Amino acid sequence: MKFESPAGRNPIDQGRVVGVAQPRIDGPLKVSGLAPYSHEYHAEAPGVAYGVMLGAGIGKGRITAIDTSAAEAAPGVLLVLTYKNAPRQFDIGHAPPGSPAPKKGEKPGRHNAPQLQGPAIKHFDQSVALVVAESFEQARAAAQLVHVSYAAAPGKFDLAAEKQHGTVPEDAPDSVVGDFDAAFAAAPTTVDVTYTTPDQAHSMMEPQASMARWDGDTLTLWTSHQIVHWAVDGVAGTLGIPTDKVRVISAYVGGGFGSKLMIYGDPILAALAARQLGRPVKVALTRPQIYNHTSHRPATIQRLRLGADSNGKLLAIGHDVWCGNQPGGEPEKAADQTKLLYAGANRLLRTRQTLLDLPLGASMRAPGEAVGLLALECAMDELAEKLGIDPIELRIRNDTRYDPEKGPERPFSTRQLVECLRTGAERFGWSRRDPVPGKVRDGRWLIGYGVAAAIRNNLTVASGARVRLGGDGVLTIQTQMTDIGTGSYTILAQIGAEMLGLPIDKVRVELGDSSFPQAAGSGGSWGANSSGAGLFYACRNLRDAIAAKAGYNSTDVQFADGRISANGHSRSLAEIAGHDGIAAEGKVEFGDLTKQYAQAAFGAHFAEVAVDSITCEVRVRRMLSVCAAGRIINPQTARSQCLGGMAMGIGAALMEDQIVDTRFGYFVNHDLAEYHVPVHADIPDMEVIFLDELDDKSSPIKAKGVGELGICGVGAAVANAVHNATGARIRDYPLTLDRIMAKITVPAVA
Amino acid sequence: MPVTRRDAMMIGGAAVAAAATGGNAAVPHQPPAPVAITLRVNGKARRLSIDPRVTLLDALREHLHLTGTKKGCDHGQCGACTVTVEGRRINSCLSLAVMHHGDAIGTIEGLGRPGALHPMQAAFVAHDGFQCGYCTPGQICSAVAMLAEIRAGIPSHVTDDLMQVAFSDAEVRERMSGNICRCAAYPNIVAAIRDVQEAGA
């Protein structure tokens, strides 16, 4: 079904199950350790062998010699694969045989990830060998016996040094409205500031892991992936086999945050070894390998130039972004939110991407906005301070009802930024903030308040589902959609229950299997809305089928309490379904409503920090996020998504930093002891408020995404609070205590 | 009294001399002989003939197929593999199975099952104390043992009065900081633990 005109009233609006806090239906399995993740399918793979990947020890160059003889002779070893004996695979540009032509602008085989194809080393921890043995311990010991010699080549590892060579990325052209240069030059108040954000690591708790089993020419792959059909395409494309010969199962995914939108060494190496050995093989990346072998959020350098009149009205908005990546890698589109967040007649947004030889940069939670807002929302704070206008008031004065690049003909479908800011200000107690830094103290601690606006573009993706009502009255939902912690199992059960008039315990949800209908998957915050809309249409088709079988006219029937009723007659759904049950499928495709209307979720984040006036240690004392993101399908899981984003935003502000060794070209701090993420002691109680909102232009279920909105702007709110506490304006993230100490303007107190 | 930052850092920052111990342990070329051990896992004696290099974590996951205990880092940095040994919580990835011959091992599977959840497991569900679920068994095992540590009067870094060890949110946040949750369900985890504590108090 194509969604191309605003949704009218439909069964989702009943709000009987949808919109009500519902504990996760997969909760009991997860808290008892019975939910299986990809490395944990023992019954499905008797006689499994263990593969251990060896990664390259240089950042760029080539293998000059590789000696596997000791490893091959080691006890239990079954196979050692290197570029010398690995089967030929297919790189990006080669779609799986028999696949339809790629969509416009998409490269064929864009998910391919060939391994061990030659001596060239493009990045640190690129796979150079796989050792397979009867046991994990044997494979691990033998992997240390593989001797690799390298000739290192000079590489480009330093974004600041390379940025001058940047070029305009194909998918991030310059955005020019009005005459920025003239307006900025004439503006009475301006800020011209440069912020930097470092490389960051997803650091989800479950490492990438895969188990491969071949049955004849068909591969079954248990892997940890966010979008099942992308994994199928990537594996089939790399191996050069049709997609119908690959089945991917990702029933439970231990976090992703964008990292598991791609495939890496584990599924390909497991598949190659399993085929060669004729037995199942599993391969998990080690924690240290994840940081350099897989992808990361790339660093940015961002120059913000804002010009305003004396009332704070923006006259000129300039945002220049420099980023780097491997050849073929995407830009970090950190200027994207600047297109839509504030009004202003003269605008200039430019992205320049340069080649770097670091590991591949790719999507991490809110790619673009997450780092773009770290710069933009601090620059707005700087402008507010210069103008002597309250930072909330400044943002309100620059609100817009339409896409400021396109004009009034492209209005926002919904936009409650001002309401988010006002509600938050009241609930947080913003009036207690003293705009002069260092005025509020608690003993030796300096207290600061900060605010930032949040925006995350609303993306929609085609998605399908299959539903079946059984004679036991249970509705079974099957879709390739994944649940990476986002709550998909639960919200899809809620939507199914709402549509069919069933209690939620009469709904079973099966996810993450490529034998189910293709779905949106989990990425870009499109999962809940898109997969929910696909399920909506599947359920609507099922309602029609049930009504037809019951002999009712489907236009005036009611589904409630496990029964269908019309004109005073009523029958139980279980009885109509009967022994054979009734099944239906449905799919959503999206028309051009996202072109007609600017669609985004909005929010406002508030942070209170305490900074030790002597050591400059920062403690976040409390946080509040107010979000307007369409229909909130499950306030409990949506709140958790926001809490997770807020904590990751605190990490971005205060600690997360993949440190590049520019001599050797790798991330030095490549484990969880050295790459710091927030722990219990870093995170206070935090509050989330969702404003009432339905977006009828977004989908028939009128929802939008919250998973990424939660991180957008959070770090800037923290940084602005640190400034309010200390007077230190730190423009290089993260705000570690040494950086604050170098700039603090407030005296220490014991 | 006014203090300069430099003064404070001089007083507070004791120099730490790190002794670098050499890492290159020789890789054995002969396979280590399997060792016969018995682990008492969740009250059941489990006999294993096991490669002495197998960690307690891998013994549970790969040999006993108790996959509720998770491998997040294999280096004692994340806490996903937390189990109890003789009632004390440990990172099972940092311990070899052969070191635990005869020991009582408690894993998530021993706490409760769907339909008969342990109060801590039920509180995690009720408070949404997890999202992806991968760190969850470790968080829960850790939380149960952590409450026992407070009851036993074992102090922590944030305990003000060493003679008066008492439950507080600050104690929970400090004592649970070895269990990382990247989904950051932290506020919900603390709420779940608080619930269990209050119900048991």
Side-chain angles (χ1 to χ4, degrees), chain A residues 23-24 26-37 40 42 74-76 135-138 141 144-145 203-207 252-255 257 284 286-287 484-487 614-615 636-637 639-641 643-644 647-648 671-673 677-681 683 685-686 741 747-750, chain B residues 1-5 8-9 27-29 31 51 53-54 58 61-62 65 67-75 77-78 80 107-109 111-115 117 121 124-126 128 130-137 140 172-174 176-177 179-190:
Chain A
R24 281 168 210 268
D26 49 330
L29 282 178
K30 283 182 172 173
V31 299
S32 56
L34 298 177
Y37 298 80
E40 301 174 348
H42 285 289
S135 78
F136 171 62
E137 292 72 23
Q138 290 168 333
Q144 293 176 53
L145 301 176
S203 298
M204 66 287 140
M205 297 313 297
E206 183 205 17
Y252 292 92
V253 178
F257 312 112
T286 67
R287 177 59 61 179
I484 63 172
T486 39
I614 295 170
T615 66
Q636 186 173 30
T637 53
R639 174 177 174 272
S640 294
Q641 280 282 286
L643 292 178
M648 205 178 274
D671 62 26
L672 285 168
V677 301
V679 300
H680 274 281
I683 302 301
D685 276 334
M686 303 193 291
M741 198 173 281
V749 273
Chain B
M1 182 190 87
V3 205
T4 67
R5 259 165 219 119
M9 300 307 272
V27 179
H29 290 264
D51 185 323
R53 297 170 296 185
V54 176
D58 284 327
R61 283 171 64 82
E62 305 301 331
H65 297 186
T67 54
T69 307
K70 303 303 183 191
K71 185 184 282 193
C73 72
D74 220 9
H75 288 70
Q77 300 168 346
C78 77
T107 74
I108 192 72
E109 290 91 347
L111 280 182
R113 301 178 72 80
L117 295 177
Q121 292 171 316
F124 267 63
V125 175
D128 215 28
F130 56 94
Q131 293 199 64
C132 80
Y134 200 77
C135 75
T136 313
I140 291 173
V172 172
R173 291 198 169 99
E174 170 64 23
M176 291 295 292
S177 280
N179 290 88
I180 296 176
C181 173
R182 184 59 159 162
C183 302
Y186 298 130
N188 297 346
I189 293 172
V190 173

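Note that the coordinates shown come from a computational prediction; the quantities given were computed from them, not determined experimentally. Below, chain A is the first sequence line, B the second, and so on; all start at residue 1.
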- Residue part contacting chain B, namely of A:Met204, when any heavy atom lies under 4.5 Å: backbone
- Validate the cation-pi geometry between A:Arg24 and B:Phe130: distance from NZ or CZ to the six-membered ring centre under 6.0 Å, angle to the ring axis within 45°. yes
- Item | Nearest-0.5 Å distance, CG of residue B:Asp74 to CZ of residue A:Arg287 | 10.5 Å
- Answer with side chain, backbone, both or neither: which region of A:Ile683 has an atom nearer than 4.5 Å to a non-hydrogen atom of chain B? both
- Query: Quick one: what part of A:Thr286 sits under 4.5 Å from any heavy atom of chain B, side chain, backbone, both or neither?
  - Reply: neither
- B:Thr136 portion near chain A, given a 4.5 angstrom heavy-atom threshold: side chain
- Note on the structure: Under 4.5 Å to a heavy atom of chain A? For B:Ala185 that would be neither
- Query: Which region of B:His65, side chain (C-beta onward) or backbone (N, CA, C, O), has a non-hydrogen atom less than 4.5 Å from a non-hydrogen atom of chain A, or is it both or neither?
  - Reply: both
- Item | Rounded distance [0.5 Å steps], CZ in B:Arg182 versus OG in A:Ser203 | 5.0 Å
- Query: Are A:Glu40 and B:Arg61 within salt-bridge range, i.e. N to O under 4.0 Å?
  - Reply: yes
- Note on the structure: Whatever's closer than 4.5 Å to a heavy atom in chain A on B:Ile180 counts as both
- Under 4.5 Å from any heavy atom of chain B - which part of A:Tyr252: neither
- Check whether A:Ala35 gets within reach of chain B through its side chain, its backbone, both or neither, counting any heavy atom under 4.5 Å. backbone
- Item | Distance-only donor-acceptor check, side chains B:Asp128 and A:Thr637, under 3.5 Å | no
- Query: Can you find a pair of side-chain heavy atoms, one from B:Lys70 and one from A:Tyr37, that are under 4.5 Å apart?
  - Reply: yes
- Please confirm whether B:Lys71 makes a cation-pi placement over A:Phe136, using NZ or CZ under 6.0 Å from the six-membered ring centre and within 45° of the ring normal. yes
